Amino acid sequence: PKPAPKIQKNQNLQVFVRCRPLSASEVNQRGISAVDINGQKEIVVQDRCNSKITKTFSFDKVFGPSTPQSEVYQNVVEPLISDVLAGFNCTVFAYGQTGSGKTFTMEGDFGTPKRLSPESNAGLIPRAMCALFDELRVLQAEYTVRISLMELYNEELYDLLSSDEVPPKLRLFDDASRKGSVLVQGLQEVMVHTQSQVLDELHKGSAKRQVAATLMNAQSSRSHTIFTVTVHFKENSADGGEFLRTGKLNLVDLAGSENIGRSGSSDKRAREAASINQSLLTLSRVTSCLVEHQPHVPYRESKLTRLLQDSLGGRTKTSLIATISPSHLNAEETISTLDYAHRAK
Ligand code: ADP
Ligand code: MG
């Protein structure tokens with residue numbers, strides 16, 4: 001087989017792949033694995049059903065089916081925590097077909113424990129919050145931690161942490177005081193003090209997401225969920241003065257990638273697909289413009305990239321986790337997910 005096209009080294013954008021285990025129903029359907037992982041960086045997918053093609057890809061790191069949540073966390077998010085505390089904005093995206101493990105990776109299974117056990121199935125969001133509070137506790141600084149949770153569906157933004165019964169629609173404005181930054185009018189940014197408080201808010205947010213989906217007759221696979229934690233802190237400088245610093249971490253569970261390129265059978269589905277295409281394709285163009293240091297970055301071409309503009313490019317770090325199913329039944333979709341992820345860089 002041909003050697004995999006090498007991925008460009010870029011510290012500010014990292015691309016990971018996570019392959020989940022075969023599910024019980026895939027095993028029942030006599031699903032076999034179409035995916036081979038060679039070492040830490042290379043992955044081979046064989047599409048026996050459709051075009052009988054074999055494709056090899058290389059990424060910054062490939063996580064196999066038995067990789068625990070803790071290991072994904074340690075590789076992807078742990079290194080970003082110190083950046084957030086140093087005042088950088090960081091973003092992690094989960095991209096992949098519906099059922100491939102995006103939500104498992106981002107949220108995972110968690111209750112509202114006082115402490116997460118390392119073996120638990122808690123995903124990146126609860127683990128990041130836990131680590132952040134641990135780090136902040138030992139830091140000699142005054143700080144505040146705020147979280148927000150938004151859903152972006154059909155280019156409309158909804159607040160999932162609002163106390164309103166029905167998640168309200170939010171509007172975006174350019175922030176006149178900070179170039180390249182947007183303001184989300186009316187967004188509920190909840191101040192949190194403990195990890196269990198965060199988990200509580202997340203549970204409420206998930207329930208809201210269901211309410212919203214039912215009201216709009218939409219499936220959650222057709223919306224993006226954006227979790228943001230913002231840390232503001234006041235520190236003493238060497239000369240006895242004080243300075244303020246803000247760092248931000250966005251953890252984004254993207255709409256199912258199988259929607260890309262689909263026209264949809266009804267007007268409603270066609271409109272959903274068009275808006276997903278717009279956001280996912282713009283995201284990929286934005287990241288590759290940043291990698292190539294292009295002067296013009298098309299942030300404004302989708303609400304997703306506009307919303308995250310201050311966290312993409314410049315003094316920021318971005319990671320993409322492409323989640324895939326190992327089953328040969330999904331091989332075609334898996335190849336297109338990996339193509340997308342590879343193109344992002
Ligand atoms: P998505 O959000 O991409 O639609 P989910 O995260 O809901 O997919 O995952 C689909 C199913 O597969 C869920 O039941 C989830 O618990 C399971 N799953 C996903 N990834 C893994 C994994 N790495 N290990 C074990 N189970 C997983
Ligand atoms: Mg999901």
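Whatever order the structure lists them in is the order used to number ligands and atoms, beginning at 1. It should be emphasised that the depicted structure is a prediction, and the values quoted were computed from it without experimental measurement. Here, residue 1 is the first one in the sequence, and each next residue gets the next number.
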Task: Side-chain ion pair, Glu142 and Lys234, N-O less than 4.0 Å - done: yes

Task: Short side-chain donor-acceptor distance under 3.5 Å, Ser100 and Thr323 - done: yes

Task: Every residue of the protein that comes under 4.0 Å of ligand 1, judged on heavy atoms - done: Arg18, Arg20, Pro21, Gln97, Thr98, Gly99, Ser100, Gly101, Lys102, Thr103, Phe104

- [ ] Any side chain to side chain donor-acceptor pair (under 3.5 Å) involving residues 101-111? Give me the pairs, sequence neighbours left out, ordered by first then second residue.
- [x] Arg18-Thr105, Thr103-Asp253

Open item on the list: Considering only residues two or more places apart or on different chains, which pairs with a residue in residues 85-101 satisfy salt bridge (Lys or Arg N to Asp or Glu O under 4.0 Å)?
Closed with: none

Open item on the list: Checking Phe16 against Leu320 for the side chain to side chain contact (heavy atoms under 4.5 Å, CB included) test, could you report, in this order, the C-alpha distance in whole Å, the side-chain angles of both residues, the deciding distance, and whether it holds?
Closed with: CA-CA 6 Å; Phe16 301 92; Leu320 178 73; over 6 Å; no

Task: Salt-bridge criterion met for Arg222 and Glu272 (N-O under 4.0 Å) - done: yes

Task: Residue pair His328 / Ser33, side-chain donor-acceptor N/O under 3.5 Å - done: no

- [ ] Would you name the heavy atoms of Asp159 and Gly186 that are closest together and state the gap between them?
- [x] OD2-O, 3.9 Å

- [ ] Check the Mg ion (ligand 2) and write out every protein N, O or S atom at under 2.8 Å, as residue and atom.
- [x] Thr103 OG1

- [ ] Would you please classify the geometry between the Tyr95 ring and the Tyr340 ring as parallel, tilted or perpendicular, with 30° and 60° separating the classes?
- [x] parallel

